[in-house]
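Below: one structure, written as structure tokens.
Each chain gets a letter, A, B and so on, in the order its sequence line appears, and its residues count up from 1. Keep in mind the model is a prediction, meaning the values are calculated, not measured.
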There are 2 protein chains.
Amino acid sequence: MPARPPRRDDPVRQRSLRDHNLALVLRQVTSAPRPPSRADIAAATGLTRATVSTIVDELIAGGLVAELRPVSRSGVGRPGTGIVPAGTGPAGLGMEVNVDYLAVCAVDLAGAVRHRELRHLDQRERTPAQTWRALAGLADRTAAAVGALGLVPAGAVMAVPGLIEGGTIRVAPNLGWQGVALPAAADFPALHGLDLGAGNEATLAALGERHATGLDSFLYVSGEIGVGGGIVLDGELFGGSHGWAGEIGHVTIDPQGPPCHCGARGCLEQYAGEEAIRAAAGLSADGDRPVLAGLADGARAGRAPVLAALDRAGTALGVALSGAVNLLDIATVVLGGHYAELIDWLRPALERELSRRVLTAAWSPVEVRPSALGADAAMIGAARAVIQGILDDPARFLATRTP
Amino acid sequence: MPARPPRRDDPVRQRSLRDHNLALVLRQVTSAPRPPSRADIAAATGLTRATVSTIVDELIAGGLVAELRPVSRSGVGRPGTGIVPAGTGPAGLGMEVNVDYLAVCAVDLAGAVRHRELRHLDQRERTPAQTWRALAGLADRTAAAVGALGLVPAGAVMAVPGLIEGGTIRVAPNLGWQGVALPAAADFPALHGLDLGAGNEATLAALGERHATGLDSFLYVSGEIGVGGGIVLDGELFGGSHGWAGEIGHVTIDPQGPPCHCGARGCLEQYAGEEAIRAAAGLSADGDRPVLAGLADGARAGRAPVLAALDRAGTALGVALSGAVNLLDIATVVLGGHYAELIDWLRPALERELSRRVLTAAWSPVEVRPSALGADAAMIGAARAVIQGILDDPARFLATRTP
DNA sequence: TCTTGTTTGTTCAGCCATTGAACTTATAGG
DNA sequence: CCTATAAGTTCAATGGCTGAACAAACAAGA
């Protein structure tokens with residue numbers, strides 16, 4: 001999705017040395033709590049002030065960072081000039097295809113969302129081609145808005161609730177899609193000449209959370225119609241052999257449990273998926289009222305069947321997550337999607353199972369926290385993936401800019 | 001355990017450039033199928049012949065590689081001189097503390113086991129201090145034998161069947177140890193001045209398998225008295241936040257299953273641990289005859305209770321591994337410990353569950369294979385960890401060599 | 001107001017690792 | 001014996017980092 005990062009088996013020349021340090025400095029600028037001066041960057045990275053100066057100059061020339069104009073600092077000595085991510089630099093476009101809506105947003109180098117477009121549309125009633133057309137419209141408007149802000153779109157990534165392999169969507173159960181080819185950048189007028197990537201919705205949401213929270217390693221679990229997940233290790237998304245990692249929704253809770261549409265029995269989704277919770281809570285399936293609102297209201301009102309259903313879901317989540325934590329030794333779990341709103345009623349059962357089943361819970365308890373981005377996580381994460389590609393290898397971006 | 005590899009956030013100077021290429025060339029030499037010439041290395045790495053020459057010279061001077069004397073090649077042109085890992089270079093010492101034996105081995109740069117020592121001793125009847133003393137004796141003899149071969153011990157790693165944190169063994173259930181301090185290098189006369197590390201047995205076994213098989217990403221599961229595991233991703237051991245990753249033995253198979261000594265219910269170990277299989281097979285617990293042999297013989301003889309017990313264990317393994325594969329998207333599972341010998345009877349149930357429960361099994365089936373190293377995996381993996389430290393950062397090794 | 005001390009940012013010579021091209025060495029084949 | 005080919009070495013050039021000196025900007029005190 002983002003272009004290949006520099007690998008361990010690559011030879012290192014002088015140039016790659018500069019490339020690495022460019023990335024190092026840029027990362028420092030985008031991740032520092034306050035705009036650092038060149039001297040701050042030098043201290044933080046271990047490079048000399050001289051080197052940092054030349055690197056910052058290169059980044060400024062490339063439009064990736066900018067100097068802060070007025071400078072006032074506490075303490076004696078010449079005050080430093082703060083360096084900030086360029087407000088008018090590249091923008092990452094994040095696009096989301098979901099069951100009942102399409103959305104596009106633009107994120108700048110600092111990670112701020114600068115624009116968003118949303119359109120309610122039920123994909124189940126439409127062909128993929130129709131979806132792409134509608135999405136292209138949103139992308140057009142986003143690109144225009146972003147251009148008006150002085151930003152330049154630098155690429156796009158699309159979040160899809162399904163399994164992606166190569167250039168096709170293998171299967172997206174909730175959209176009813178199978179073997180659908182991903183659109184080419186050419187299908188999106190706003191993106192001519194740019195890279196267009198795609199990734200799993202929950203996986204990209206995890207990436208979004210990673211940057212919103214600053215957490216380094218965590219497990220992200222998202223409850224929607226399905227149950228998806230993403231794994232972040234050492235600050236990087238873990239994709240697995242094919243990019244399919246994180247599919248926690250089909251971890252077995254009870255081998256003899258209820259049959260799942262995936263063909264197995266007792267999958268987590270059958271206990272903690274939206275449909276399963278709704279049925280267990282005794283809420284009706286049809287009606288315009290969203291299931292989530294019904295559950296949250298019912299829980300707040302203290303309705304026993306709703307509380308019992310959420311306890312059951314929390315227990316199942318706890319069993320699945322305990323296994324994942326035992327396997328991965330990860331200290332934090334982030335609950336996203338609908339789970340974020342239901343966390344207060346899921347948490348007791350979930351934490352009970354975690355403390356009981358995680359082998360090392362006694363010495364190092366697992367923290368459970370709600371998503372920081374809520375429903376936007378996937379879209380923002382997709383946009384972040386583009387930005388991440390630039391942060392990881394600014395030299396490549398600069399090369400395409402000024403040939 | 002192995003010293004810190006160069007990190008993404010480190011500044012890169014001229015020197016680190018050389019360091020990286022030193023590692024690149026050394027890796028090429030140790031992993032090539034046949035001794036490569038300088039020109040081969042240049043072609044494989046992308047460096048120029050000139051650079052490779054100076055780097056190889058540095059490695060030869062440091063005693064890490066050597067030139068092959070006689071040189072004959074097919075084809076015209078000046079024949080190249082093959083470069084091989086030094087047969088008289090550093091050796092990694094791998095030590096294993098197990099319930100009923102202690103073992104030490106030495107592995108050279110090429111990954112070959114050059115010496116081994118084994119002593120049957122039941123740790124449950126002994127204090128940790130007694131164990132360290134006995135182990136130090138084996139280490140002494142190994143170091144002496146290795147010295148006679150012209151090798152120089154470069155460090156040691158100890159494999160322990162338990163959870164390790166910082167300098168202590170948090171808990172090693174099967175040894176009956178809790179909060180036992182790891183020995184210092186000073187307690188091992190043979191290791192004066194060397195690094196002495198420690199790691200989990202199954203985790204290190206996974207590392208051993210990684211190098212024995214060349215597999216890049218896989219899940220290693222070891223069946224002993226407990227059930228342990230290790231995760232290898234992209235050629236590197238994945239440790240998790242505290243180095244405790246891989247504890248698949250306590251993944252839940254059935255939330256209402258039999259109680260486990262860990263305090264939870266229905267852990268994999270209660271279905272696929274040695275004791276659980278034995279009980280299900282109706283074999284007697286005591287007697288000098290090892291449980292494993294009884295199971296294998298019974299299975300070969302077609303005894304129904306034994307076959308049923310192994311089927312049950314295989315099913316449970318399949319459920320646990322399916323969850324792990326769904327989560328991690330890993331294409332290969334390696335069965336080690338006792339499982340390696342029982343694989344023929346575990347496999348049918350195991351693969352049935354995998355194909356049923358792994359979401360992507362239809363497109364990309366999971367391969368299940370037996371361990372290549374068998375019972376020695378942990379010890380060899382521990383020794384390999386030392387070698388790996390040198391391969392990952394030969395410059396540091398060279399610096400300690402010639403100050 | 002002027003001086004002193006402190007910190008930031010720049011300049012420049014020196015160093016170091018890689019490159020690329022020329023050169024030497026070693027072999028096969030005619 | 002000569003030619004073609006490939007391996008390995010030598011060396012000037014290049015690019016990037018360092019360290020030290022220096023200029024710039026500010027606070028504090030006299």
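- Contacts between residues 21-30 of chain B and DNA chain D, defined by a heavy-atom separation under 4.0 Å, are absent.
- Nucleotide D/dT18 holds its P atom 12 Å from the CG atom of B/Leu17, rounded to whole Å.
- Remark: A/Val152 engages A/Arg401 in a side chain to side chain contact (heavy atoms under 4.5 Å, CB included) (not counting sequence neighbours).
- Among residues two or more places apart in sequence or in another chain, the salt bridge (Lys or Arg N to Asp or Glu O under 4.0 Å) test is passed with A/Asp329 by none.
- Within residues 52-60 of chain B, no residue places a heavy atom under 4.0 Å from DNA chain C.
- Taking side-chain N and O atoms only, A/Arg13 has a distance below 4.0 Å to OP1 or OP2 of C/dT19.
- Taking B/Ser217 as the reference, nothing meets the side-chain hydrogen bond (donor to acceptor under 3.5 Å, both in side chains) condition, with sequence neighbours excluded.
- Nearer to the 5' terminus of DNA chain C, by closest-nucleotide assignment, is the contact made by A/Gly77 (compared with the other of A/Ala39 and A/Gly77).
- Remark: A/Ala66 pairs with A/Val84 by the side chain to side chain contact (heavy atoms under 4.5 Å, CB included) rule, at least two apart or across chains.
- Atom CG in A/Leu68 sits about 15 Å away from atom C1' in C/dT8, given to the nearest Å.
- Each of C/dG9, C/dA26, D/dA27 was ranked by its minimum atom distance to the side chain of A/Thr81; first place goes to C/dG9.
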Protein N or O to nucleotides 12-16 of chain C N or O, pairs below 3.5 Å:
{"unit_1": "C/dC16", "atom_1": "O2", "unit_2": "B/Gln14", "atom_2": "NE2", "d": "2.4"}

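- Between the side chain of A/Asp40 and the backbone N or O of A/Ser37, at least one donor-acceptor pair lies under 3.5 Å.
- In this structure, B/Arg18 pairs ionically with B/Glu58, as a charged nitrogen and a carboxylate oxygen lie closer than 4.0 Å.
- In terms of the side chain to side chain contact (heavy atoms under 4.5 Å, CB included) criterion, residue partners of A/Thr48 (sequence neighbours excluded) are, by chain and number, A/Ala50, A/Thr51.
- Applying the side-chain hydrogen bond (donor to acceptor under 3.5 Å, both in side chains) criterion to A/Arg38, with sequence neighbours excluded, gives A/Glu67, A/Thr81.
- Classification of B/Arg396 and B/Asp19 as a salt-bridged pair fails, no side-chain N sitting under 4.0 Å from a carboxylate O.
- Of all nucleotides listed (D/dG8, C/dG20, D/dC17), C/dG20 comes nearest to the side chain of B/Thr48.
- Between the side chain of A/His20 and the backbone N or O of B/Asp10 there is at least one donor-acceptor pair closer than 3.5 Å.
- Contact check, A/Arg38 against C/dT10: a side-chain N or O comes under 4.0 Å of OP1 or OP2.
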List every contact pair, protein side and nucleotides 23-25 of chain C side both N or O, where the distance is under 3.5 Å.
{"unit_1": "C/dT25", "atom_1": "O2", "unit_2": "B/Arg78", "atom_2": "NH1", "d": "3.2"}

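- Under the rule for a salt bridge (Lys or Arg N to Asp or Glu O under 4.0 Å), B/Arg49 has no partner lying at least two apart in sequence or in another chain.
- Under the salt bridge (Lys or Arg N to Asp or Glu O under 4.0 Å) criterion, A/Arg13 pairs with no residue at all, not counting sequence neighbours.
- The CG-C1' distance, from A/Asp40 to C/dG9, rounds to 12 Å in whole Å.
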